2 protein chains.
Amino acid sequence: MSDTPSPRAARSRERLLRAATDLLVESGPRGVTVDAVAEASGVAKSTLYRQWSSRDDMLIDVVRCNIPALTQPNLTDGFESALRWYVNDGAATLADPEWSRIIPAMMSLQVTMPAVAACIEIDRTSKTATLRTIVDLGIEEGILPADIDVEMASRILFGPLVYSSLLGDQDQLDKLAVEVVDRFLAPYAV
Amino acid sequence: MSDTPSPRAARSRERLLRAATDLLVESGPRGVTVDAVAEASGVAKSTLYRQWSSRDDMLIDVVRCNIPALTQPNLTDGFESALRWYVNDGAATLADPEWSRIIPAMMSLQVTMPAVAACIEIDRTSKTATLRTIVDLGIEEGILPADIDVEMASRILFGPLVYSSLLGDQDQLDKLAVEVVDRFLAPYAV
DNA sequence: TATCATCGCTACGAAACCGTTTCGTTGCGA
DNA sequence: TCGCAACGAAACGGTTTCGTAGCGATGATA
């Protein structure tokens, strides 16, 4: 059932993924050619085709492996603490220059490659579910109204961060994160 | 000094730009090949090369010609009216399925093609200046504090809209626009 | 209607790219 | 230490792409 991932194969795979990611960041999807990845990684094309059946398969894997996983928020310190923690974590992720340079490529690939869109969809579903647990805590604490729209909250909280990152301003994301949460919570303050 | 744009040349140019835009929307930057544009437009490759010196030149022009111009807001009806009008206009633009599918391609091209980045930069500077005039009116009316950060306001107002558009939810952008402005104005309400 | 710049069509060469295969080598686990 | 699995290097054929060139047709303009 579980195929043993030979240590050698795993190492080659890592190198290929690393090189492909770099090429994607530097040159966009167009730069991620089989030959370029092979040369940049120091791994032969034949080995690349032992890992993936096609260039597109590889590209999908590159995207999949580069979607960052946010850490699960600690709910024991209460709603506001958890929310601030989660949004700050998102801002920190977006502030990573490498990740922020991959986003545009992913957004572009999403349109033409359904598999990439699926990866992003899965990730977003998971992140929305996490936000859902935080919001539920807020409702439980009587801070948020019970009928609050989690999707809209997600847009209002993370939209400015993603937008700012896309525009190339990663420097003040942490400040923006604080501002965004402040404004989000303001209407519900006692 | 101004070279007369022959009617035939202008017509060919329009057809080429139209076809290239369609290809960009449907297949991403990778689909915008010289041959594909020529075939889809019914215009010969040689004519394409009479318009632009290279495929990249053409692609840059496609981007440039597809950046939408927001209508100038009417300032005579007061700050809040102008702001709502401007944000709603932005939401309407983002809701256009064609435009929303071009955005990812532009974000991607921006990384690898400095000329595309320059186009986007110019557009954003102009739009920020417009928002600046609206914000100034708000300050004049005593609604906004004088030290408000226009860049941050722009992120808070348009971030959720762009983010939502990128995620493929164009249906409720108008509703989101209202929510965003409501929340933006709430802290300054009397 | 005559003229001529412009056009569409077609073909072409060079280069890049993709996917596959072969063959000899290397390194890991039994 | 032995054997198998993974590896690198290289070559191959077919396709795509870019950019150029020649040539006959066409349409704007006088």
Side-chain angles (χ1 to χ4, degrees), chain A residues 1-63 105 108-109 112-113 115-116, chain B residues 1-63 105 108-109 112-113 115-116:
Chain A
M1 180 176 138
S2 68
D3 42 354
T4 333
S6 144
R8 285 217 289 167
R11 221 173 54 124
S12 296
R13 183 193 165 81
E14 281 312 306
R15 288 185 183 177
L16 288 165
L17 279 176
R18 183 74 220 160
T21 302
D22 290 344
L23 285 167
L24 182 63
V25 168
E26 290 163 19
S27 318
R30 238 201 158 199
V32 187
T33 71
V34 178
D35 293 296
V37 172
E39 184 177 351
S41 66
V43 174
K45 272 206 298 180
S46 47
T47 304
L48 188 155
Y49 278 102
R50 286 181 194 112
Q51 295 280 348
W52 301 281
S53 66
S54 71
R55 177 237 185 208
D56 280 1
D57 266 16
M58 177 187 64
L59 202 48
I60 292 166
D61 223 15
V62 169
V63 170
S108 176
L109 290 174
T112 44
M113 299 180 60
V116 170
Chain B
M1 176 173 161
S2 68
D3 43 355
T4 334
S6 145
R8 285 176 82 192
R11 225 175 49 129
S12 296
R13 183 193 164 82
E14 283 310 307
R15 289 185 182 175
L16 288 165
L17 279 175
R18 183 73 221 159
T21 302
D22 289 344
L23 284 167
L24 183 62
V25 169
E26 290 163 19
S27 318
R30 240 202 157 194
V32 188
T33 70
V34 179
D35 292 290
V37 172
E39 183 177 351
S41 65
V43 174
K45 268 206 298 182
S46 45
T47 305
L48 188 155
Y49 277 101
R50 287 181 196 114
Q51 294 279 350
W52 301 280
S53 66
S54 71
R55 178 234 186 213
D56 280 2
D57 266 16
M58 177 187 64
L59 202 49
I60 291 165
D61 222 15
V62 169
V63 170
S108 175
L109 290 175
T112 45
M113 300 180 59
V116 169

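The sequence lines fix the lettering, A, B, ..., with proteins before strands; numbering per chain opens at 1. On a predicted model such as this, the values are computed, not experimentally measured, just so you know. Because only heavy atoms are used, hydrogens play no part in the values below, and waters and symmetry mates are left out as well, while side chains stay in.
- Taking both residues in full, the closest heavy atoms of A:Gly31 and A:Ala36 are given as O-CB, 3.8 Å, listed atom of the first, atom of the second, then distance.
- Only at 4.0 angstrom or more do the heavy atoms of residues 12-22 of chain A sit from any atom of DNA chain C, so none qualifies.
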Could you write out each protein N or O paired with an N or O of nucleotides 25-30 of chain C at a distance under 3.5 Å?
residue	atom	partner	partner atom	Å
C:dT26	O2	A:Arg8	NH2	3.3

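- Residues passing the side chain to side chain contact (heavy atoms under 4.5 Å, CB included) test with A:Glu39, sequence neighbours excluded: none.
- In this structure, the CD atom of B:Gln51 is 11 Å from the P atom of C:dT6, given to the nearest Å.
- Under the salt bridge (Lys or Arg N to Asp or Glu O under 4.0 Å) criterion, B:Arg55 pairs with no residue at all, not counting sequence neighbours.
- Remark: A:Arg30 pairs with no residue by the salt bridge (Lys or Arg N to Asp or Glu O under 4.0 Å) rule, at least two apart or across chains.
- Considering A:Leu59, A:Val62, A:Ile60 as possible partners of A:Leu109, the one that fulfils the side-chain contact (heavy atoms from CB on, under 4.5 Å) test is A:Leu59.
- Residues passing the salt bridge (Lys or Arg N to Asp or Glu O under 4.0 Å) test with B:Arg18 are B:Asp22, B:Glu98, sequence neighbours excluded.
- Not a single donor-acceptor pair under 3.5 Å links the side chain of B:Ser27 to the backbone N or O of B:Leu24.
- The closest donor-acceptor contact from the side chain of A:Glu26 to the backbone of B:Thr112 lies at 3.5 Å or more, if one exists at all.
- Shown here are the salt bridge (Lys or Arg N to Asp or Glu O under 4.0 Å) partners of A:Asp35, two or more places apart in sequence or in another chain: A:Lys45.
- Between A:Tyr49 and A:Met58, the closest side-chain pair of non-hydrogen atoms is not below 4.5 Å.
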Contact list (N/O, under 3.5 angstrom) for nucleotides 14-22 of chain D vs protein:
residue	atom	partner	partner atom	Å
D:dC18	OP1	B:Arg55	NE	3.1
D:dC18	OP2	B:Val34	N	2.6
D:dG19	OP2	B:Tyr49	OH	2.8
D:dG19	OP2	B:Arg55	N	3.1
D:dG19	O5'	B:Tyr49	OH	3.3
D:dG19	N7	B:Lys45	NZ	3.2
D:dG19	O6	B:Lys45	NZ	2.4

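- Legend: residues meeting side chain to side chain contact (heavy atoms under 4.5 Å, CB included) with A:Ser54, ordered by chain and number and at least two apart, are A:Asp56, A:Asp57.
- Between B:Thr47 and C:dC7 there is no side-chain polar atom (N or O) within less than 4.0 angstrom of OP1 or OP2.
- With axes fitted over five pairs at each extremity, the angle between the ends of the helix from C:dT1-D:dA30 to C:dA30-D:dT1 is 30° (10° resolution).
- D:dG27 atom P lies 8 Å from atom CZ of B:Arg11, rounded to whole Å.
- In this view, A:Thr47 and A:Arg50 satisfy the side chain to side chain donor-acceptor pair (under 3.5 Å) rule, not counting sequence neighbours.
- For A:Thr21, the side chain to side chain donor-acceptor pair (under 3.5 Å) criterion is met by A:Asn66, not counting sequence neighbours.
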